[in-house]
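Have a look at the structure below, then the notes.
Computed over heavy atoms, backbone and side chain alike; hydrogens, waters and symmetry mates excluded. As the structure lists them, so they are numbered: ligands from 1, and atoms in each ligand from 1. The first residue in the sequence is number 1, and the count goes up from there.
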Amino acid sequence: MTAKVLDGKKIAANIRAEIGEEVESFVSQTGIVPHLSAVLVGENPASEVYVRNKQRACDEAGIASGLHRLADTATQSELLALIDELNQDRAVHGILVQLPLPEQIAEAEIQEAICPSKDVDAFHPENVGRMVQGKPRFLPCTPQGIQQLLVREGIEIAGRRVVVIGRSDIVGKPIACMLSNRGTGGDATVTLCHSKTEALDSIAREAEILIVAIGQPEFVTAAMVRQGAVVIDVGIHRTDDGLVGDVDYAAVSQIAGAITPVPGGVGPLTVAMLLRNTLRAAELSAGS
Ligand code: L34
């Protein structure tokens with residue numbers, strides 16, 4: 001059996017079209033154009049691609065966007081000064097500082113400096129706390145994209161066995177939390193695995209939904225996947241053979257019931273959810 005390919009690009013296009021309509025009605029009701037400010041530090045080639053995709057998507061949805069570039073030698077205080085300026089700017093609704101940052105920058109301090117009501121990545125501790133408590137202001141983009149993909153594909157989440165591989169603050173931890181929270185898109189039984197997990201293969205094989213965000217090319221082999229499982233591959237690596245994910249796609253797609261491709265899987269959904277959060281930030285600032 002060959003797995004169904006979960007077409008993230010298509011679902012993202014649908015979501016973006018929906019958001020475009022919502023933006024149009026927001027603009028006509030308030031006269032306010034939602035505005036995202038992206039910050040790029042240095043010249044990471046992957047970040048360049050992702051931020052370009054985000055800006056293009058904003059443009060198509062009627063969201064204004066600005067790009068602020070700092071050199072890869074930028075200091076902590078230079079970046080903090082830029083964030084302060086964007087925090088003060090009433091025309092800016094969303095602020096996104098693309099990761100990874102150069103090593104001289106202390107990421108956590110940057111994330112805490114962004115005004116929580118403009119924090120469209122939902123990395124600020126206040127927004128993380130709200131998400132954990134099940135009363136989110138914004139949901140982080142990649143986990144929100146994964147949850148939307150599952151919901152829109154009609155994949156049952158409630159009561160099912162989910163295994164997440166990878167415990168990052170940007171994907172693993174928040175998706176584990178969101179899928180185990182109460183309510184729509186949640187109520188799953190979630191196991192969070194990581195580099196210190198013992199017997200990872202056998203735990204992974206218990207998953208009805210396996211979410212992989214470990215950051216190692218083709219880490220998940222067919223032997224780690226239960227027959228018929230839904231496999232969500234969050235990884236994206238540039239290799240000589242092109243882009244590959246954290247999952248050995250060729251082998252695993254023979255075992256899984258459904259699988260996300262790389263590219264065209266989770267990545268486009270991450271971009272779509274940023275638009276959702278930026279519109280939400282503009283709505284919050286307009287008091288609606
Ligand atoms: N602050 N930093 C911040 N927020 C984020 O949400 C991100 N992330 C991750 C990296 N750093 C971040 C992204 O934007 C990953 N990520 C991201 C965004 C877009 C895409 C992939 C990852 C994407 O557009 N992927 C396309 C292919 C792009 C290509 O050709 O490389 C895809 O089809 O997967």
Are Val231 and Ile255 grouped together when hydrophobic residues (ILVMFWY) are joined by side-chain heavy atoms under 4.5 angstrom apart?
-> yes
Shortest protein heavy-atom distance from atom 21 (C) of ligand 1, along with the residue and atom involved | Tyr50 CE2, 3.3 Å
Heavy-atom nearest neighbour in the protein, as seen from atom 12 (C) of ligand 1, with distance rounded to 0.1 Å | Gln98 NE2, 3.3 Å
Location of contacts on Val97 toward ligand 1, heavy atoms closer than 4.0 Å = backbone
For ligand 1, which atoms have a heavy atom of Leu243 less than 4.0 angstrom away?
-> 29 (C), 30 (O), 31 (O)
Using heavy atoms and a threshold below 4.0 Å, how should the contact between Arg238 and ligand 1 be classified: side chain, backbone, both, or neither?
-> side chain
Candidate with minimal heavy-atom separation from atom 14 (O) of ligand 1, of His237, Arg56, Lys54 = Lys54
Can you name the nearest heavy-atom pair linking Gly185 to Gln147, along with the distance?
-> O-NE2, 2.8 Å
Taking only heavy atoms of Gly264, which atoms of ligand 1 are found under 4.0 Å from at least one of them?
-> 32 (C), 33 (O), 34 (O)
Got a sec: does the CD of Glu24 have more than 12 other heavy atoms crowding it under 6.0 Å?
-> no
Relative to ligand 1, is Ile236 under 4.0 angstrom through side chain, backbone, both or neither, heavy atoms considered?
-> side chain
Of all the non-hydrogen atoms in the protein, which one sits nearest to atom 27 (C) of ligand 1, and at what distance?
-> Pro263 CB, 4.0 Å
Hey, which atoms in ligand 1 end up nearer than 4.0 Å to a heavy atom of Phe123?
-> 1 (N), 3 (C)
Verify same cluster id: Leu269, Leu6 (apolar side-chain graph, 4.5 Å) | yes
Proximity of Val49 to ligand 1 by residue part, where a heavy atom lies under 4.0 Å | side chain
Considering the heavy atoms of Val271, write down every atom of ligand 1 situated less than 4.0 Å from one of them.
-> 19 (C)
Pro268 heavy atoms, cut-off 4.0 Å: which ligand 1 atoms fall inside?
-> 32 (C), 33 (O), 34 (O)
Please confirm whether the backbone N or O of Glu112 pairs with a side-chain atom of His124, one donor and one acceptor, at under 3.5 Å?
-> yes
Under 3.5 Å donor-acceptor, Gln98 side chain and Leu40 backbone = no
Could you pull out the closest heavy-atom pair between Leu36 and Ile95, with the gap in Å?
-> CD1-N, 4.4 Å
ILVMFWY network linking Leu86 to Leu279, side-chain heavy atoms under 4.5 angstrom = yes
Tell me: protein heavy atom nearest atom 4 (N) of ligand 1, and distance?
-> Asp121 OD1, 2.9 Å
Has ligand 1 got any nitrogen or oxygen that is less than 3.5 angstrom from a nitrogen or oxygen of Leu99?
-> yes
Between Arg280 and Glu22, does at least one N-O distance fall below 4.0 Å, as a salt bridge requires?
-> no
What residue and atom, counting heavy atoms only, is the protein's closest point to atom 25 (N) of ligand 1, and at what distance?
-> Gly267 CA, 3.8 Å
Tell me, yes or no, whether the heavy-atom count around Gln254 atom CD, taken from other residues, nucleotides or ligands under 6.0 Å, exceeds 12.
-> yes
Closest to atom 9 (C) of ligand 1 (heavy atoms only, candidates Ile170, Leu274, Thr270) is Ile170
Could you state whether Val128 and Phe138 fall into the same hydrophobic cluster, counting links through intermediate Ile, Leu, Val, Met, Phe, Trp or Tyr residues with side-chain heavy atoms under 4.5 angstrom apart?
-> no
The option among Ile110, Asn44, Asn53 carrying the non-hydrogen atom nearest to atom 24 (O) of ligand 1 is Asn53
